[in-house]
Amino acid sequence: MAKKLRVGILFGGRSGEHEVSLLSAASILKAIDRKKFDVVPIGISKAGRWLTGDGAQALLAGGNSEANAPALSVVSGSQPTPADAVTALIPDAAAIGEAQQASGKFDVVFPVLHGTFGEDGTIQGLFELADIAYVGSGVLGSAAGMDKDAMKRLFAQARLPIVKHLTILRTAWEASPRKTVAAIEAALKYPLFVKPANLGSSVGISKVHGRKELAPALNLAARFDRKIVIEQGVGGAKKKARELEVAVLGNDDPKASVVGEIVPGKEFYDYEAKYLSDGSIPIIPARITVAESKQIRAMAVEAFRACDLAGLARVDFLMEPDGKRRIYLNEVNTLPGFTSISMYPKLWQATGLSYADLITRLIELALERRRERSRTSFSFDAAKSDGK
C-alpha cells in the first residue's frame, strides 16, 4: 500500500474572514480522502496563535475564543509566533506539537485562509521559505488576486473588459474629502460600489446610490485598507447586473467549469447574502447562450493567466441585465469559499468533478507545481556556466 501523503489543513487567521475560513476548513476535513491523506488540522487564532491538536479542534468548533486554545497544543512553546511555524514547516525540523509526534514533515499544506495574511501572498511566502508544496497560487498571484487595484491593472493590460473605476488612497480621502467626492463624481456615474482594495467575501463593500451615501461608504472601506476602489455599477440606477461565476482549476494549463449565476437575496451579493441568509439563489448552469458561456469561460482562463494564478480561482463577472448584455470581468478570488455548498465546489460538481475528488486534485496540483519549481535554479555559479 502506498504511503499516505501528510497534508496540513491550515485555517482561521487574523483577517475579517476568520469565520468563513472555519466553515471551509470544516467541510474539507470532513470530505478529504483519508485513505490517501494523513490529515493534520492547524489553526491560527484571531490573535495570531498557531494551534494544533486539541487547540486546533477547539478553534474549529468554538470560533474566536482564545480560551479554547490550550497552550500545550500550540505549535512551539507557550508563546508561539509565525516564526515558530517556519521551523515547524521546514523539512526534517521538529514536530508540530501533539499532531506531529507520530511522523515527519508535511508533504502539502492546504491553506484554507481567506483574506488578509492568508490569501494575499504572505503565508505563501512562508511556504516558499520552508520549501514546501502548498495548494493555490504563489506569492505574486495571491497578492495580485487580493489587490483589486493591481488586479484591474493586469486585466487592462491583458485587454479584458472591466467596469469604469477609480482608486483613491485613504490619506487622500481624509485630507480632502470634498475634492475626493468631486473627482469620483466627475469620473463615474451613480450607482457606485465602494470597496477596500484588499479584502474578500464582500467585507467592507457598499452600494452607493447617491452623494449622501458616498462618505459613509468611503469611511467603511477605509477601515479595512489604505486603498479604496470605486466602481461604476453595471445596469444603471433601476436594474441590477447579473452576477456570473466560473471556477478555474489547473496550473499552466487551466480549465474552466460551467458558468453559474448568483441571484442575490439582497441588493447585491454582500457578506450577509453569501454566508448569513438563505435568500440568494445559485443557478448552475447559468441561463445564458452557448456563445456567452464560451466567451465567459475563455475570459476566466485569460484572467487566471493574467494574474499568474495556480491551483484554483473563482472568476466573477457582471453582465448587463438587458440590451447588449455586455460582459465585464469583475475579479478573481484565489481562495474562494470552500464549503460543500460554496459556488466553487458546486460549479465543479456540475462539471463532473465531486467535492472529494476536487480536494484530491488540488493537492495533486500543489505537488505538480512544487516539482516544476524544483527545476528552477536559484543560484548561479559563473565557473560552471556555459561558455566559461
Side-chain angles (χ1 to χ4, degrees), residues 147-245 261-274 280 286 288 292 295-296 299 303 315-333:
D147 189 316
K148 295 177 181 64
D149 174 52
M151 182 197 308
K152 289 178 184 297
R153 294 172 190 266
L154 291 171
F155 291 162
Q157 179 67 27
R159 298 187 177 183
L160 291 164
I162 55 177
V163 299
K164 292 182 179 180
H165 69 283
L166 192 66
T167 300
I168 65 169
L169 297 179
R170 177 169 54 199
T171 51
W173 160 240
E174 293 171 343
S176 305
R178 289 185 179 180
K179 183 178 180 180
T180 301
V181 169
I184 293 170
E185 292 183 335
L188 307 172
K189 296 179 180 179
Y190 293 105
L192 306 173
F193 286 89
V194 178
K195 308 177 178 182
N198 286 276
L199 208 58
S201 291
S202 300
V203 174
I205 295 181
S206 304
K207 185 173 183 179
V208 176
H209 303 84
R211 181 178 293 182
K212 288 184 179 180
E213 298 176 2
L214 185 54
L218 291 167
N219 287 331
L220 175 63
R223 285 177 49 197
F224 296 102
D225 196 36
R226 60 179 286 272
K227 286 200 295 185
I228 304 168
V229 175
I230 304 98
E231 299 172 351
Q232 184 169 297
V234 174
K238 296 183 179 181
K239 295 186 178 181
K240 296 187 293 185
R242 295 179 66 180
E243 302 191 31
L244 306 170
E245 299 183 352
E261 180 172 7
I262 288 289
V263 181
K266 298 185 65 179
E267 190 167 14
F268 71 99
Y269 200 37
D270 63 1
Y271 184 93
E272 181 179 345
K274 287 179 178 179
S280 299
I288 55 178
E292 288 167 341
Q295 177 187 355
I296 290 169
M299 286 171 60
V315 186
D316 299 345
F317 297 85
L318 299 170
M319 176 187 275
E320 290 180 337
D322 52 19
K324 295 182 179 179
R325 292 166 63 99
R326 284 175 292 203
I327 300 163
Y328 300 93
L329 176 59
N330 188 25
E331 64 182 39
V332 296
N333 189 321

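Excluded from the calculations below are hydrogen atoms, water molecules and symmetry mates; all remaining heavy atoms, backbone and side chain alike, are included.
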Heavy atoms, side chains only, cut-off 4.5 Å: are Leu160 and Tyr328 in contact?
no

Do other residues, nucleotides or ligands put more than 12 heavy atoms under 6.0 Å from the CZ atom of Arg211?
no

Once you round to the nearest 0.5 Å, how far does CG of Leu329 lie from CG of Leu318?
9.0 Å

For Ala217 and Val208, which heavy atoms make the closest approach, and how far apart are they?
CB-CG2, 3.4 Å

What distance do Glu243 atom CD and Ile262 atom CD1 have between them, rounded to the nearest 0.5 Å?
8.0 Å

For Lys207 and Pro191, work out which heavy atoms get closest and say how close.
CE-CB, 4.0 Å

Minimum heavy-atom separation for Ile162 to Lys152, with atom names?
CD1-O, 3.8 Å

Judged by atom type as modelled, is there a donor-acceptor pair below 3.5 Å linking the side chain of Glu231 to the main-chain atoms of His165?
no

Check: Asp147 side chain, Asn198 main-chain N or O, donor-acceptor pair, under 3.5 Å:
no

Within the structure provided, determine whether Leu169 and Arg226 are in side-chain contact (heavy-atom separation under 4.5 Å).
yes

Do Phe317 and Ile296 come close enough that some side-chain heavy atom pair is under 4.5 Å?
yes

Between Ala241 and Pro321, what is the shortest heavy-atom contact and its length?
CA-CD, 4.3 Å

Side chain Gln157, main chain Arg153, donor-acceptor under 3.5 Å
no

Rounded to the nearest 0.5 Å, what's the gap from CD on Gln295 to CE on Met319? Could you check?
7.5 Å

Atom CE in Met151, atom CG in Asn330: separation rounded to 0.5 Å?
8.5 Å

My understanding is that only one of Leu166, Ile228, Val194 makes a side-chain contact (heavy atoms from CB on, under 4.5 Å) with Ile184; could you say which?
Leu166

With side chains defined as the heavy atoms from C-beta onward, is the minimum distance between Pro196 and Lys148 less than 4.5 Å?
no

Taking the side chain as everything from C-beta on, heavy atoms only, tell me whether Lys227 gets closer than 4.5 Å to Ile168.
no

Side-chain contact, heavy-atom cut-off 4.5 Å: Phe193 with Val229?
no

Distance-only polar pair, side chains of Glu185 and Tyr190, donor-acceptor under 3.5 Å
yes

Which value, rounded to the nearest 0.5 Å, describes the distance between Lys164 atom NZ and Leu188 atom CG?
8.0 Å

Nearest 0.5 Å, please: how far is CZ in Arg326 from CD in Glu320?
4.0 Å

4.5 Å side-chain heavy-atom contact, Arg325 and Arg242
yes

Indicate yes or no: at least one non-hydrogen side-chain atom of Lys240 is less than 4.5 angstrom from one of Val234.
no

Can you name the closest pair of heavy atoms from Phe155 and Glu331 and give their distance?
CE1-CA, 4.2 Å

Look at Lys239 together with Asp322 and state whether they make a salt bridge at an N to O cut-off of under 4.0 Å.
yes

Could you tell me which non-hydrogen atom of Val332 sits nearest to which non-hydrogen atom of Ala303, and how far apart they are?
CG1-CB, 4.0 Å

